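By convention here, the first residue in the shown sequence is residue 1. The shown structure was predicted, so the numbers you read here are calculated from the model rather than taken from an experiment. One-based numbering, in listed order, for ligands and for the atoms of each.
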Amino acid sequence: MSKILEIRDLKAAAKRRVPKMFFDYADSGAWTEGTYRANEEDFSKIRLRQRVLVDMTNRSLESTMIGQKVSMPLALSPTGLTGMQHADGEMLAAQAAEEFGVPFTLSTMSICSIEDVASVTTKPFWFQLYVMRDRDFVKNLIDRAKAAKCSALVLTLDLQILGQRHKDLRNGLSAPPKFTPKHIWQMATRPLWCMQMLQTKRRSFGNIVGHAKNVSDLSSLSVWTAEQFDPRLSWENVAEIKEMWGGPLILKGILDVEDAKMAARTGADAIIVSNHGGRQLDGAPSSISMLPKIVDAVGDTIEVHMDGGIRSGQDVLKAIALGAKGTYIGRPFLYGLGAGGKAGVTLALNIIRKELDITMALCGKRDIKDINRDVIAE
Ligand code: GLV
């Protein structure tokens, strides 16, 4: 991994190591993937102010997200099927995040369960909740997250129904994979992945199997979402879940100023400006283009975080400059995981930290807490 210098290198390495259907699952956006691309492209259009002859010693990236200390203002996003990028993926990524000092968020649609992740970590992680029609199951998930001492609940609001990702349909994505000739070929060409996967029992949706009733077809995410996710989820339900959870709450998937105002009124601790990595409403604006508008509207009443399109420490700095108190990476850590397990996730975090640190210094700043719109070139 010594030739790996940027997240793009990790992506190329993951592509060589992870079976196509799972690599594609992480890499895809909805329909034309226009919003997925815009998330990255709009970051690259933002220019930074170069400043000179300022003392660049003693720099600090430490900050807080919802009052919790972070070694840099970044968390790992909840991502589905993480344990299919690498055997026991969620457990490895959570350990890497813990050692690095940033939050790990476990997805409801993870392969390793809440209990699996709790068993290999010593500090609290965050849990992401999808709201299912079966409210007993939702209550049970919340209770399990409490028992595991999760220190925040991330409630996803932008996936009541699933956006269409063509690659998943073409690949016949499922977990565990089906044994058709196409899928056998995809796996046979990734022998290391197969060997590691054969050594773990965790190959299906660990939070759901054995916990949810009436699960008819769990292997297909699209069928399962259509059957189980609640398309009637409302702001009243958000209040109920807040009450049920009773701890720090983050609302994920806000992309509109009106929605941000409603989210701020719920009394949640933070919102995440997000379009689900371009995986839901193709044609929606990029997260970074909406961030300053949402910060202007609600930034003094609720903490604003963002995800979508972050591929470097420079992107983190730009998001912080435009008012985000925290940022999230999904694909960058998945590429690291696919490329090299826990060490790959640590490498992804180190790459981003180094880029963030050097960029901050070259903008003439020494403390991430002092970053504001000043560092953006007009
Ligand atoms: C699930 O969250 C997905 O985007 O696939």
Query raised in the report: Is Arg279 in contact with ligand 1, taking contact as a heavy-atom separation below 4.0 Å?
Result: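 Contact check Arg279 vs ligand 1: positive.
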Query raised in the report: Are Arg165 and ligand 1 in contact, using a heavy-atom cut-off of under 4.0 Å?
Result: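 Under 4.0 Å: yes for Arg165.
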Query raised in the report: Looking at Tyr25, does the NZ or CZ of Arg279 lie under 6.0 angstrom from its six-membered ring centre and within 45 degrees of the ring axis?
Result: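 Cation-pi check for Arg279 and Tyr25: passes.
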**Report entry** Cationic tip of Arg331 above Tyr36 ring, under 6.0 Å, 45° of axis
**Finding:**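 Judged by the rule (NZ or CZ under 6.0 Å from the ring centre, within 45° of its axis), Arg331 counts as positioned above Tyr36.
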**Report entry** For Tyr25, the ligand 1 atoms whose distance to one of its heavy atoms is below 4.0 Å
**Finding:**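 Near Tyr25, the atoms of ligand 1 are 1 (C), 3 (C), 5 (O).
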Query raised in the report: Going by the order shown, which atoms of ligand 1 are within less than 4.0 Å of some heavy atom of His276?
Result: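 Taking each heavy atom of His276 in turn, ligand 1 has 1 (C), 2 (O), 3 (C), 4 (O) under 4.0 Å.
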Requested in this report: Check which hydrophobic residues are tied to Ile272 through side-chain heavy-atom contacts below 4.5 Å, counting indirect links as well, and list them.
Outcome: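 Under the 4.5 Å side-chain rule, Ile272 groups with Met65, Ile66, Val70, Trp126, Val154, Ile250, Tyr328.
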Query - Partners meeting ring pair (Phe, Tyr, Trp, His ring centres under 6.0 Å) with Phe22 (sequence neighbours left out) - result: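 Per chain and number, Phe22 pairs via ring pair (Phe, Tyr, Trp, His ring centres under 6.0 Å) with Trp193.
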